[in-house]
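Quick caveat, the model's predicted, so the values are computed rather than measured. Atoms within a ligand are numbered from 1 in the order they appear, just like the ligands themselves. We count residues from 1, following the sequence as given.
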Amino acid sequence: MLTRRAFTVTSLATLLGSRLHAQDDTIYDESKVPAYTLPPLLVDDAGRPLRAAADWGRRRVALLDTFAAQLYGRTPGGLPACTVTQVDRPVPVLDGRALRQQLRLDWLGRASVDVLVYRPAHERPVPVFIGLNYYGNHAVDPDPAILLNRRWMRASEPNAIVDHRATERSRGTTALRWPIDLVIARDCAVMTAYYGDFAPDDPSVVRDGIAPLADGLQDRIPVRERWGAIGMWAWGLSQMRAAASSVPGLDATRAIVIGHSRLGKAALWAGVQDEAFAMVVSNDSGCAGAALSRRIYGETIARITSSFPHWFCGNAASWANREAEMPVDQHQLLALVAPRVLHVASAIDDRWADPRGEFLATQSADEAWRFLGGTGLGPVTDMPTVDTPVGQRVRYHVRTGGHDINRYDWTQYVETVRSTLHK
Ligand code: GTR
């Protein structure tokens, strides 16, 4: 009996093991990364090397166009601009060191998004971090005066989401990702909104945000080039930046777009399209974010476009298992931030996001900063050791630990702001 049971268990494990292996051929071994050649950065449409910094403008437009057509989709022209209203008056928090305020962005009464702002309690305008959050503004801080977001959310027990809705117990559940005290102490502000208000993160509900605003504006855009959720989140970030200019105490000319993981992809896409962002932060953005697609290490274009088809345009999935043929790779996306400030961060145990691939993309992108005459990464030849940030106008760090955004990461971001944007 015991033998029979043991046999059954073993054969089941073998079966499952081979199944898993067949399904999961994820590369986590550096020696299995294929040899690859990255598409060149500083060439014109005919493949000739760019000669002067002035040539970069045209190259930039061409690269943006390719990323839009092949990966993220095109941001429709003619979308309405938001109207900003105050939900409440600024309230002193953090023992009077900061002011907390809630705003509502509204588009012609057809869509609305609540925004939470923290800024230092003085009138001098400060740099502002603009980023989306995963579980609602009420999850950023336990403060009961923050409006509880009742819209659709992804299932999550730790965030006390019940039937896809937040509950009173959801308050403050993501506070560790938003060290407001630290940002205020370094004389910066934070502006955040729930990403699902712009586009709920599931194919079944993705249209329940701002998507209908684009109805009738996409007729001239080929179906396979139409935007997905990343495009909508990115547009939302730009709308928040525009709104920042009407908030006293925020310096919208020193706006920093920031995002973690899928929202890091959105932050990059927002930051490259909207040059009014002075700095762009990618935290563990991985595949289709800061990581090189051609390494096919960890998450791949095939995996991401099958798990999350609603994030991308229709053309994106056509590059599944054809990474080497893609007309662009992610170092070129990062380069579109030049000569502004870029900070890319990885976490060493976050192999799914390919930390080395994120560093190598950053290092290749640095060519654009050198070409345009600024100091980006500076004299960095190898991937730095953990917890050792490097660079100047292009900064990179890889942190101890796994997939997350934490106080250590934010400590590096406010330091980058201090060294590059503070007056
Ligand atoms: C994963 C996805 C990653 C990353 C991550 C996240 O499931 O594969 O690309 O976006 O989610 O957003 O936390």
Side-chain angles (χ1 to χ4, degrees), residues 23-28 67 71-73 131-136 139-140 152-159 161 173-174 176-178 192-203 205-206 228-234 236-237 257-271 280-313 316-317 319-321 323 326 329-330 333-334 344-358 361 398-399 401-406 409:
Q23 272 183 355
D24 192 1
D25 46 6
T26 307
I27 294 180
Y28 284 134
F67 278 107
L71 207 52
Y72 307 111
L132 298 172
N133 62 67
Y134 282 94
Y135 288 100
V140 167
W152 186 95
M153 290 186 191
R154 282 165 63 87
S156 167
E157 228 171 281
N159 295 288
I161 307 302
T173 50
T174 64
L176 289 176
R177 288 184 164 185
W178 297 94
T192 184
Y194 169 52
Y195 81 136
D197 279 356
F198 288 103
D201 193 2
D202 189 272
V205 282
V206 69
I230 290 177
M232 298 179 207
W233 300 327
L237 287 160
V257 62
I258 184 169
H260 166 62
S261 202
R262 66 197 66 187
L263 295 177
K265 307 178 211 293
L268 284 169
W269 186 228
V280 180
V281 178
S282 155
N283 191 94
D284 305 0
S285 63
C287 183
L292 292 174
S293 305
R294 277 167 172 72
R295 279 169 52 82
I296 58 171
Y297 184 107
E299 189 171 30
T300 60
I301 296 291
R303 284 293 288 271
I304 202 167
T305 54
S306 65
S307 311
F308 307 104
H310 64 291
W311 289 358
F312 302 97
C313 73
W319 301 108
N321 305 311
E323 285 83 355
M326 287 179 84
D329 209 321
Q330 300 305 110
L333 185 78
L334 300 182
V344 173
S346 314
I348 198 68
D349 296 334
D350 184 13
R351 297 186 306 163
W352 184 240
D354 188 11
R356 178 170 294 277
E358 295 187 315
V398 53
R399 159 177 67 65
H403 190 64
D404 202 357
I405 180 167
N406 66 19
D409 297 310

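The closest donor-acceptor contact from the side chain of K265 to the backbone of G286 lies at 3.5 Å or more, if one exists at all. Judged by distance alone, the side chain of D329 and the main-chain N or O of S293 form a donor-acceptor pair under 3.5 Å. Side-chain atoms of T174 come within 3.5 Å of backbone atoms of A139 as a donor-acceptor pair (strictly under, hydrogens ignored).
The aromatic rings of H260 and Y134 stand perpendicular to each other, their planes meeting at an angle above 60°, with 30° marking the opposite boundary. In this pair, W311 and W233 present their aromatic rings perpendicular. The plane angle is above 60°, beyond the 30 to 60° band.
When heavy-atom distances to ligand 1 are checked against 4.0 Å, the residues falling inside are Y134, S261, R262, K265, E299, I304, F308, W311, W352, H403, ordered by chain and number.
Between R399 and the choices D284, D404, D350, the salt bridge (charged side-chain N to carboxylate O under 4.0 Å, His left out) rule is met once, by D284.
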